[in-house]
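Read through the structure below, which is laid out as structure tokens, and then see the notes.
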Amino acid sequence: NNVFWSGAGGALGNNNSAPRLFAPISWKTGSSISHLDPTAIPNDQQNPNIGTDTVEQTTSPVVRGILHDMGWNTGIVSTSAHFTANGGNNLASNPGNWDTSPSPGDTLVFGANAANVYNVSVDTNPPMLAGVNFQNSAPSHTLEFSYYTDTWITGAGVTNDSPNTHTIVLDSSSSRVGNADIDGRAAHLTFQNSSTAGTNISYQLSGGFSTITMPPVFDRYDGARIDFYNTSTAGSAAFISQGAAGDGYLNTYAGVSFHDASTAGSAAFTNQAGRFGVGANATNVDGWGAETNFTDSSTAGDATFNNLGQTVAGTGNVPTGTGGITNFYSSSTAKNGTFNNMGASVVAGFGGTTQFYDNSTADHGTIINNTSQVGTTYKLAAGTTGFFDSSTAGNASITNVGGNIAGFTAFHNSSTAGNAVIANQQGAGNFAIGGYTYFYDTSTASSATINNQPGAVGGITEFYNSSIAGTAHITNTYIYQ
């Protein structure tokens with residue numbers, strides 16, 4: 001146990017002390033010498049083993065120092081690289097634009113510069129950053145991450161010391177249609193540990209698309225993504241995610257996902273509907289809408305979510321694609337979030353939706369399913385909320401707005417309305433109908449309070465299959481069985 005790494009970089013990363021290697025008395029094939037000693041340097045990626053369900057995705061200064069000793073171009077102790085724009089262009093890949101060339105683990109710092117360059121092209125792939133900082137002197141910046149970048153932020157995150165709003169754009173390959181080297185990727189940004197997406201930061205995520213390459217063959221290209229892990233937070237940033245163009249389906253829409261115990265904080269999310277594009281049969285169709293997804297024990301916090309309805313109908317007014325979507329999986333929770341599911345503005349369009357799966361809960365969230373005012377009988381044109389599997393509405397407040405096509409909430413499988421308060425509003429105007437709540441399969445209204453507001457066409461609650469009302473309090477009801 002008295003074997004140490006002798007390189008200067010490893011020592012620098014270990015507080016100027018040579019790192020102890022894992023060297024037990026009995027040789028362990030695959031572990032001895034090739035890992036760090038877990039007693040001297042615990043909870044490190046390069047320990048010989050880690051606990052069950054433990055994830056360590058951050059490369060420590062010790063490991064970066066050892067890699068530096070081995071010849072890798074890595075920073076050891078995190079430093080700050082200031083963007084000076086002295087290189088004559090706006091490219092982050094130009095060393096002349098920095099006071100010191102950024103290394104993995106560094107913080108990129110942006111402030112005022114003599115060249116007045118505030119639209120910066122992040123055209124190089126920084127695989128890992130401690131964070132991005134906008135100084136108190138920083139005018140509004142736009143950082144545009146190229147479609148091939150995949151960046152982890154593992155330290156403080158994106159911090160804004162200025163009074164101005166800054167924009168971070170994540171590109172997809174959409175801007176490169178027709179280029180011979182197009183490869184279908186999109187920018188990907190990952191927040192880890194306790195990092196934050198910041199305050200007064202606007203994230204714009206570009207959607208992907210489908211395109212015909214050699215009729216009838218067509219290719220699908222990814223949308224930009226942001227992932228939050230560990231206990232990271234979206235802070236109070238704004239996220240605008242673009243839907244896919246055409247019928248690209250999986251991964252072609254842009255989106256934000258929360259994992260582990262991460263939180264949406266008090267951020268604002270706009271999930272745009274799918275866009276018009278080329279379908280599999282060379283017809284024009286709407287793509288899938290942008291998504292915000294929660295898994296594991298992540299939470300929506302106090303954030304606001306706007307799931308937009310479609311604004312362009314598919315060929316022949318045939319419904320295709322989706323509106324914007326927010327999904328909850330595993331044991332995730334809507335917490336105190338506000339969810340606005342907007343109706344479509346075109347005939348045969350899909351409205352925005354919020355969906356709960358597995359054991360997720362709407363908790364104390366506020367959900368509003370808005371009406372679609374277009375002249376159609378297509379129910380999914382309205383804003384909707386769906387509960388599936390064993391999910392629950394918890395103590396949420398849910399409003400189904402009446403109108404030409406009324407907003408509605410549907411419970412499926414063995415889901416439950418919990419202790420939620422649900423208002424099915426009356427329809428207003430000619431041909432308007434009231435908001436709906438549906439129960440299917442073996443779902444139950446449980447102990448919810450459901451108010452079907454009276455009117456010419458009042459709110460409606462319907463039970464189907466083996467669903468039951470439980471001990472719910474339901475007023476002014478039209479019940480269909």
Side-chain angles (χ1 to χ4, degrees), residues 1-84 92-111 122 124-133 135 149-159 189-196 229-232 260:
N1 255 342
N2 287 315
V3 179
F4 297 86
W5 181 264
S6 61
L12 178 61
N14 194 42
N15 296 318
N16 296 312
S17 176
R20 185 189 297 271
L21 302 180
F22 180 67
I25 294 175
S26 299
W27 177 265
K28 293 189 176 181
T29 302
S31 296
S32 290
I33 305 300
S34 59
H35 290 82
L36 295 172
D37 183 75
T39 301
I41 308 172
N43 303 316
D44 194 277
Q45 268 188 338
Q46 288 302 311
N47 290 151
N49 51 62
I50 58 175
T52 304
D53 296 328
T54 300
V55 177
E56 180 53 65
Q57 297 173 307
T58 302
T59 305
S60 68
V62 179
V63 173
R64 296 202 301 270
I66 292 175
L67 289 173
H68 189 274
D69 289 333
M70 297 169 64
W72 290 91
N73 182 24
T74 60
I76 302 173
V77 178
S78 295
T79 59
S80 296
H82 292 74
F83 186 80
T84 63
S93 60
N94 183 354
N97 282 329
W98 302 91
D99 65 345
T100 181
S101 294
S103 295
D106 285 351
T107 296
L108 305 184
V109 180
F110 298 89
V122 184
T124 185
N125 190 14
M128 184 180 67
L129 296 173
V132 174
N133 173 249
Q135 294 179 309
T149 57
D150 188 354
T151 307
W152 297 354
I153 295 181
T154 62
V158 179
T159 53
L189 185 61
T190 301
F191 290 88
Q192 295 179 327
N193 303 323
S194 58
S195 60
T196 177
Y229 288 92
N230 312 124
T231 58
S232 59
D260 305 325

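Note that this is a predicted model, so its numbers are computed, not measured. Starting from 1, each residue takes its place in the sequence as its number.
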Report the C-alpha distance between Ile153 and Met128 in whole Å, list the side-chain angles of each, state the deciding distance to 0.1 Å, and finish with yes or no for side chain to side chain contact (heavy atoms under 4.5 Å, CB included). CA-CA 6 Å; Ile153 295 181; Met128 184 180 67; over 6 Å; no

Any side-chain heavy-atom pair from Leu21 and Leu36 closer than 4.5 angstrom? yes

Please give me the minimum heavy-atom distance between Pro24 and Ser32, naming the atom from each residue. CD-OG, 3.6 Å

How far does CG of Asn47 sit from CG of Asp37, to the nearest 0.5 angstrom? 8.0 Å

Would you mind reporting whether Lys28 and His35 have side-chain heavy atoms less than 4.5 Å apart? no

Nearest heavy-atom approach of Asp44 to Ile41 is CB-O, 3.9 Å

Counting distance only, does the side-chain N/O of Asn193 pair as donor-acceptor with the main-chain N or O of Thr154 below 3.5 Å? yes

Identify the heavy atoms of Ala130 and Thr107 that sit nearest to each other, and give their distance. CB-OG1, 3.5 Å

Atom pair OG1/CG of Thr149 and Leu189 - distance to nearest 0.5 Å: 8.0 Å

Thr100 versus Asp106: any side-chain heavy-atom pair under 4.5 Å? no

Gln135 and Gly111: which non-hydrogen atoms are nearest, and at how many Å? OE1-CA, 3.6 Å

Does Leu108 reach the side chain of His82, with side-chain heavy atoms less than 4.5 Å apart? no

Ignoring hydrogens and geometry beyond distance, is a side-chain donor-acceptor pair present between Thr159 and Asn133 at under 3.5 Å? yes

How long is the span from the CD atom in Gln192 to the CG atom in Asp260, to the nearest 0.5 Å? 9.5 Å

I'd like to know if the side chain of Trp5 pairs up with that of Asn14 as donor and acceptor (distance under 3.5 Å, no hydrogens or angles considered). no

Measure the CH2-OG1 distance between Trp98 and Thr84 for me, rounded to the nearest 0.5 Å. 8.5 Å

Side chains of Val109 and Asp99, heavy atoms from C-beta outward: is any pair under 4.5 Å? no

How many angstroms lie between atom CD1 of Ile33 and atom CH2 of Trp27, to the nearest 0.5 angstrom? 5.5 Å

Check for a donor-acceptor pair, side chain of Asn15 on one end and backbone N or O of Ser17 on the other, with a separation under 3.5 Å. no

If you take all heavy atoms of Ser93 and Pro95, which pair is closest and at what distance? O-CD, 3.2 Å

If you take all heavy atoms of Phe22 and Pro38, which pair is closest and at what distance? CD1-CD, 3.7 Å

What pairs with Phe191 under ring pair (Phe, Tyr, Trp, His ring centres under 6.0 Å), at least two apart in sequence or on another chain? Phe228

